[in-house]
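For reference, the structure discussed in these notes is given below.
In listed order, ligands and their atoms are each counted from 1.
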Amino acid sequence: MHPDPSPIEELGSLRPYGIRDVARWDENARWLGLLPLQLMENAGRAVADVIETAFPDARRIAVLAGPGNNGGDGFVAARHLARNRTVDVYLVGRPEEIRTPEAKHNFALIAASPHVRVTALGAEDDVRALRLEAYDLILDALLGAGLRGAPRGLMRAAIEAINRHRPRRPVVAVDLPSGHPHEPTVEADVAVTFEWDKREYAGFARIVRPIGFLPELAHLVGPADVRPHLMRRGAHKGENGDLLILAGSARYPGAAALAALAAAPFVDRVFLARPGEAPPPSPAVIPVPLPDRPGGGRETFHPDDVALLRSYLEAADAVVLGPGLGRTPEALAFVRSVLAVLEALRRPHVVDADALYALEPSGSPGSERAVGPNASTEDAPSGGGADADPIRVLTPHGGEFRRLWTAAFAAAERSVEERTDLGSTYSIGPATPWADIAALGEATRRLAERWHAVVLRKGRLDMISDGRRWRYNLTGDVGLTAGGTGDVLAGLIGAFLARGVPPLEAAMTGAFLVGLTGETLARKVGPHYTAEAVAGALPEVTERVRRGDAPPRIASPFFP
Ligand SMILES: NC(=O)c1ccc[n+]([C@@H]2O[C@H](COP(=O)([O-])OP(=O)(O)OC[C@H]3O[C@@H](n4cnc5c(N)ncnc54)[C@H](OP(=O)(O)O)[C@@H]3O)[C@@H](O)[C@H]2O)c1
């Protein structure tokens, strides 16, 4: 078992996140049940702690606060500091301009307290008349990560007022000095920033303090990761993508139909090439004619079909390959040829189900270089050149994942299989210890790196990696073990690829939405529903997520 990495420490040192990620973490934290009010309380408390520890002689403190959440953190800090210090809060702006419920709440608390004096400075003259020389320390809570452009109006005047007194009075900033990186900026002695140092922060002293973010947020797929990809891209035909599905066989026509039905609402056109006589699953799906094989009829795809399909492969924005194909030598040879064409075209694609069996280790006929894992660093890996971003999404379940692992790694590495139980689809669940989740995440990352693809390992927790990062999805329901839900997922991921969503994000979005749809159906009809019902319910669930209305993960009196 891998040691339990502490994600926050790991991230703090790498600084992989920027200011914009804060909003993403906030939204995902809220979805997990962590209230913004809790975060604000922790942030303000952390600022007060730093002042009490680093500036024990500061008995009279002025807090200059703005109407955003940066100001809200300042209101909380003021309440904590007022227990044993004199604290005056100057709101730069009018109380009715305070923006969020959390900041309003914390403002109301201090405004009602006899221990904090609160003054609103609604005009520039009020700010200019401010006398800060009476204070031992100034807390700058004017502007934080929500700053847009150089400080204007009242804020500018307040920053200048602080800087006039700065040489004589220590200044502590909430999150970052107000105005940074524009002019004027508060000249702070130190900023107390939260949870991790942000990529953009440079040129000022700062202390990082935790504010209670759940550590799993570093790897979790939440609504904030998915929502940006749910807008339709445009009102014109072609702007939402064309998807080509190469799937099914005379024996298994249903899998292809499910993939096409799931994708159809999300793209402009779905083209379905499927051997056999089955009629199109919906008038919205455009059938691609496949001529009879010599001798009549056809059971499955054949390598010769690649030439016939060439123009469709070239025209498609993305391709789904695999559901219900069967594993005949002809079908697998067809898959290998298609993969070579898709690579040459750099066309994003999903390799699912039976098509995964065409991915063979180097040495099997026709598989080297084009579809094998990069056996050595010099070898061209599958899914594009070694330096290019992956264009291929592999969607194995536990058993298929283990097979890909065995194919990709030499015997010594295969022992990881045993240690991490790579093949067991249902052994990892929401109650699994973090160390086990992290071990499987790292294994998924290594497999993705090896195959130069995005790997989505389907299971009770879906693991997703592009070879650099790994993420896990915890939406899902036991009802999703019904046959065909994997085909729905492959079709949906293909649809997002066709809309131009990058492969890692497309896989995360597909896994999140299918899992959430399973949960939604379970609430409505119980655990017995079909993959067709999942495909049918996807648009409604997608719309809820797009509106920011995904139900929170915990039951709590705070979530009605
Ligand atoms: N994990 C974390 O680190 C974390 C998490 C959550 C919250 N926080 C706290 O929340 C802060 C961000 O809060 P926020 O998004 O509400 O933004 P903010 O930094 O508090 O700033 C927003 C306010 O500043 C005003 N403003 C923006 N640009 C301006 C300019 N150039 N001149 C004058 N006024 C300007 C806005 O007015 P208009 O609306 O009129 O533009 C708005 O009232 C962080 O800095 C931190 O303190 C931190």
Closer than 4.0 angstrom: is that true for some heavy atom of [X] and an atom of ligand 1?
{"X": "A150", "value": "yes"}
{"X": "E195", "value": "no"}
{"X": "G149", "value": "yes"}
{"X": "W196", "value": "no"}
{"X": "L39", "value": "no"}

How about atom 40 (O) of ligand 1: does it have a protein heavy atom within less than 4.0 Å?
no
As a test of the contact definition, would atom 37 (O) of ligand 1 count as having a protein heavy-atom neighbour under 4.0 Å?
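No, there is none.
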Quick one: nearest non-hydrogen protein atom to [atom], plus distance?
{"atom": "atom 4 (C) of ligand 1", "answer": "V22 CG1, 3.6 Å"}
{"atom": "atom 28 (N) of ligand 1", "answer": "R148 N, 2.8 Å"}
{"atom": "atom 32 (N) of ligand 1", "answer": "R152 N, 3.0 Å"}
{"atom": "atom 11 (C) of ligand 1", "answer": "N70 N, 3.6 Å"}

Taking it one step at a time, do R544 and E540 satisfy salt bridge (Lys or Arg N to Asp or Glu O under 4.0 Å)?
CA-CA 6 Å; R544 277 197 79 173; E540 194 184 328; over 6 Å; no
If you count the atoms of ligand 1 from 1 in the order shown, which ones are under 4.0 Å from a heavy atom of [X]?
{"X": "D26", "result": "5 (C), 6 (C)"}
{"X": "F194", "result": "2 (C), 3 (O), 47 (O), 48 (C)"}
{"X": "L147", "result": "27 (C), 28 (N), 29 (C), 30 (C), 31 (N)"}

Classify the ring geometry between [X] and [Y] as parallel (under 30°), tilted (30 to 60°) or perpendicular (over 60°).
{"X": "Y135", "Y": "Y90", "answer": "perpendicular"}
{"X": "W196", "Y": "Y17", "answer": "tilted"}
{"X": "Y201", "Y": "F204", "answer": "tilted"}

Which is closest to atom 17 (O) of ligand 1 in terms of heavy atoms, P151, G146, A158?
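Selected option, by shortest heavy-atom distance: G146.
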Measure from atom 23 (C) of ligand 1 to every heavy atom in A23, G68, A65 and give the option owning the shortest one.
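The nearest heavy atom belongs to G68.
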Side-chain (T517) to main-chain (L513) donor-acceptor, under 3.5 angstrom
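Such a contact is found between T517 side chain and L513 backbone.
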So, the side chain of R79 versus the backbone of N106: is there a donor-acceptor pair under 3.5 Å, distance only?
no
Residue portion contacting ligand 1 (non-hydrogen atoms closer than 4.0 Å) for [X]:
{"X": "L154", "answer": "neither"}
{"X": "R156", "answer": "neither"}
{"X": "K198", "answer": "side chain"}
{"X": "W25", "answer": "neither"}
{"X": "L143", "answer": "both"}

So, R45 and E41, do they make that salt bridge, N to O below 4.0 Å?
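Here R45 does not pair with E41 in a salt bridge, since their nearest N and O are not under 4.0 Å apart.
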Can you confirm if the aromatic rings of H229 and F496 lie within a centre distance of less than 6.0 Å?
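Ring centres of H229 and F496 not closer than 6.0 Å.
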